[in-house]
Amino acid sequence: MYDQKKVEEKWQQIWEANQLFQQSEGGDNHKNGGAVGDNIYLLFAFAYPSGNGLHVGHVESKTALDILARYYRMKGKNVFFPVGWDAFGLPAENYAIETGVHPSKTTVSAIDTFRRQIKRIGISYDWANEIATSHPEYYKWTQWLFLQMYSKGLAYQKDGKVNWCPSCQTVLANEQVVEGLCERCDTQIEQKDMRQWYYQITKYQDELISGLDEVNWPNATKAQQLNWIGKKTGINITYKVEGVNKPGGADEITCFTTRPDTNFGATFIVIAPEHELATKIASGEIRSKVFDYLDKASKKTELDRQQEGKKKSGVFTGLYAINDLTAKKMPIWISDFVLGGFGTGAVVGVPGHDVRDFEFADYINKLDKTGDQRIEVIRVVVGQDGDESEITKVAQVQEEQGLMINSDFLNGMSIHDATKKIMDYMEEKGWGKRVTSYRLRDWLISRQRYWGTPIPVVYDPEGNPHPVEQSYLPWKLPTDVDFKPTGESPLKSSQEFAERTRKYAVEVYADLITKKGWDVSGEGWRPEFDTMDTFVDSSWYFLRYTDSRNPDVFAKTEQIEKWLPVDLYMIGPEHIVLHLLYSRFFTKFLRDEGYFNFSEPFVKMRHQGMILGPDNKKMSKSKGNVISPDEIIEKFGADTLRVYEMFMGPLESDKPWDTRAVVGIYKFLQKVHRLVAELESEDVLGEAKVELQRKLHQTIKKVSDDIPKLKFNTAIAFMMEFVNLWQNVMIKENKTLSIKDKIAFIGVLAPFAPFLADELFEIISKKMSSETIYSGIHQTSWPAFSQELAKDDLINIPIQINGKVRAQLEVESDKVGDEKAIFNMIEGIESIKKYIDGHEIKKKIYIKGKIISLVV
RNA sequence: GCCGCGGUGGCGGAAUUGGUAGACGCGCGAGACUUAAAAUCUCGUGAUAGUAAUGUCAUGUGGGUUCGAUUCCCACCCGCGGCACCA
């Protein structure tokens, strides 16, 4: 029995005292001396330091990267393994609202807790380059980045609809709105028009797609990013508008469609309530109806829309557009099933071949008593069912595939061929133009919140924005702020902030003030009260790490290019879309600004799965199924916790916690300690020892192969097999490994159970010499394996007859290549005679070293 | 509805350029040591028939390709995640 708690605390102190993994600023590693070009950057997703401290999910992903870091260091690489905190954000602010404790205080204490816990589980982070986004020396550069974006026109202001929580009295990000409700208080979210700051991520939309080809990421992640960007090719068709009341300028309307092939069946047009023509084109009696509808539509919440389901509604504008293909008049309707933000905000209705169009037409036709507004349903495609009859039911609406009919020169073509042909035709006629449409929108970065990076902008007395001069950065977050939510940005309550702005204006804009005749004390100037979305902070932290204390630049090119792109990024699946997209956008922007030469920041990226509660459900306080890492460490030690989490299953998949199974790992580590430290025996040469040595070399090989593939569970399983054999040989034959081989095994174990490994290494070292200077296992080289020693003498080859295994053939490993000899050997095997005697062997197959297959 | 991921013993999981399905761990059963317990160790453990040798069945379901399929193809079923009135 070894006291893992005592042992682990001892080694934690020794590592700390020796600054074992600490690197100098900028991540120079003097400890391992790897060659240039052997630089490896391992990145753990920026964590928010929550007051709850570390949970078992953190332990999993941090341990996985730590194993890689320790492994590569032992392989002689320069490893950069930094740590930092995504310290701005809503939770700290909300906590402050509840308790009155300033966010800067709670953040500092939360970080302290995390730091202590992380050190306790032995993560070999480089603490010399630790950063926090709430530190002025960090957000100075977040603000600088804003200025760069601004100067290139990529940061801009625009009016737009935002999510508003009437209970929290604040704007929320899209991701904080869950099914139309505020994620914190379950209040219905309203839409509000506000002037906000945006980053123009859409400038890079095509590159954000094509760049995915360069990176080694899970397919699922790439698919989700593509989904989010939502690139679609189609055509904008422009129709002439024939008005009952001809409005000024509204004599054309442009609709986006991906299915122009069905345009011979187009019988109406629908525009979104937000469409600019919606308010312009109607007049008279119709006008009031339109306004009534627009008013109702604008009041609808997300929830209303959801509850309505797909029920259609709409109002007629009194206008008609002309379908050039058929010369038919198409009534123009307004309906909220058409979205203002997608395509052109106008849709051409083909009720025969689009379910939504059909539902809308059906709704209108049932409502229409006079027949004046009847919408015609025309079939232009015949699907696989061969149905050519009139379309009267939703079930008949054919969308996916088929052949064209009732479509003049398209008749008989497949819909795909017809799509190309009609596009060419329309472009030729000048009726339409091929376009690409995207789902991705520009990134709204303003937040009416306190605990974030202030947007470095001031407004002059006329309300014009002026970016804060670079020399005035960091444009500090004021501290004299009342952060109770009032519906206004908390920074408005700061006296200091207002005064600072006036003083700044007087200093910087003296000429302008004089010229305009404004108040010379700076009266009338005000700062931007909004702060930035925390995703802005976390979109470039991986660059700052490389030069974390540089006061003159966000990071030197030399330092960035030394370490980036990141060799492995470990990140939770919850940030697949936004954070990764934003980081890639920043990277491409800074590349264009000439700061470095690569385009993708994360060459390889993997997700850790979720660790579920013992009940197979997501851990949560309310379910009472949360496992605390502290308890496990107290009972079994950090090594056990590490190895258990790595052994649970594949890193990427979700896995339930099994408290009973933890014991298995604990016993395994105790067994290793016993074999090395407690049991005495002689090193005797003999048969068993050869077998054990072979297994050792196979273990080194297996673990060396598995670590870079992140297959830690199978690596551990093989180490267990080795230890079981070792124990067996020890008990039955009183034989053990040589000192050298013991050290080799400890080396293999070291990345997984670093405390125990160093302890065992010390025990062995002390037996050999009385040296007192620390020189631990983590400073040694990764054990080498010998291909020769790892090779099995005998190989078992199964023999199949008609596809079933009937016997085994044991062959000396150097004879597996001799097919003729193998087949000769088979004939002598008693157990397969009964299957082949009296039969003609029709086929003989031998796959070298793997299988013999006979067909009789 | 669309996109993606997955389905293997009582449980977590191993095994894929197609080659002995169930490594390793948990749990369970039997035994050794012990006055006893704990700890430790040994053996067994997919189902089914049989005293046994051995046979049959078995990787969500149904087909197919192959000497051979958890792995490849086709059609379905179920679970999870994301998006969704996106034209």
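Below, read A as the first sequence line, B as the second, and so on, with proteins coming before strands; counting in each chain starts at 1.
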Contacts under 3.5 angstrom, residues 716-730 of chain A side chains, donor-acceptor by atom type, not counting sequence neighbours:
| residue | atom | partner | partner atom | Å |
| --- | --- | --- | --- | --- |
| Glu721(A) | OE1 | Lys695(A) | NZ | 3.0 |
| Asn724(A) | OD1 | Lys671(A) | NZ | 3.0 |
| Asn724(A) | ND2 | Met720(A) | O | 3.4 |
| Trp726(A) | NE1 | Thr736(A) | OG1 | 2.9 |
| Asn728(A) | OD1 | Lys732(A) | NZ | 3.3 |

When the side chains of residues 222-233 of chain A are checked against the rest of the protein, which donor-acceptor pairs come out under 3.5 Å, sequence neighbours left out?
| residue | atom | partner | partner atom | Å |
| --- | --- | --- | --- | --- |
| Lys222(A) | NZ | Leu212(A) | O | 3.0 |
| Lys222(A) | NZ | Val215(A) | O | 2.9 |
| Gln225(A) | OE1 | Arg584(A) | NH1 | 2.8 |
| Gln225(A) | NE2 | Ile576(A) | O | 3.1 |
| Lys231(A) | NZ | Asp206(A) | OD1 | 2.9 |

Table please: side-chain donor-acceptor pairs of residues 843-855 of chain A below 3.5 Å, with sequence neighbours left out.
| residue | atom | partner | partner atom | Å |
| --- | --- | --- | --- | --- |
| Tyr846(A) | OH | Val816(A) | O | 2.6 |
| Tyr846(A) | OH | Gly849(A) | N | 3.0 |

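Among the atoms of the strands shown, base atoms are found under 4.0 Å from some heavy atom of Gln800(A).
For RNA chain B, the stems formed by at least three consecutive Watson-Crick or G-U pairs, with both atom-pair distances below 3.5 Å, span B:1-7 with B:77-83, B:10-12 with B:24-26, B:27-32 with B:40-45, B:46-49 with B:54-57, B:60-64 with B:72-76.
Only Arg356(A), listed by number, bring a heavy atom of residues 356-366 of chain A to less than 4.0 angstrom from any atom of RNA chain B.
Sorted by first and then second residue, the side-chain hydrogen bond (donor to acceptor under 3.5 Å, both in side chains) pairs with a member in residues 642-652 of chain A read Asp66(A)-Arg642(A); sequence neighbours excluded.
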With sugar-phosphate taken as primed atoms, P, OP1 and OP2 and all else as base, the protein-contact string of nucleotides 5-17 of chain B at under 4.0 Å (heavy atoms; B, S, -) is -------BSSS--
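When the side-chain hydrogen bond (donor to acceptor under 3.5 Å, both in side chains) test is applied to Asp658(A), no partner is found at least two apart in sequence or on another chain. Thr254(A) meets the side-chain hydrogen bond (donor to acceptor under 3.5 Å, both in side chains) test with Thr238(A); sequence neighbours excluded. For Thr258(A), there are no side-chain hydrogen bond (donor to acceptor under 3.5 Å, both in side chains) partners, not counting sequence neighbours.
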Give every pair of a protein N or O atom and an N or O atom of nucleotides 81-83 of chain B that lie under 3.5 Å apart, one pair per line with the distance.
| residue | atom | partner | partner atom | Å |
| --- | --- | --- | --- | --- |
| C83(B) | O3' | Arg439(A) | NH2 | 3.0 |

Check nucleotides 38-40 of chain B against the protein and report each pair of N or O atoms closer than 3.5 Å, with its distance, or say if there are none.
| residue | atom | partner | partner atom | Å |
| --- | --- | --- | --- | --- |
| U40(B) | O3' | Arg674(A) | NH2 | 3.4 |

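Judged by atom type and distance alone, Gln808(A) reaches the base of U20(B) through a side-chain donor-acceptor pair under 3.5 Å.
With P as the reference atom, C74(B) and G18(B) are 16 Å apart, rounded to whole Å.
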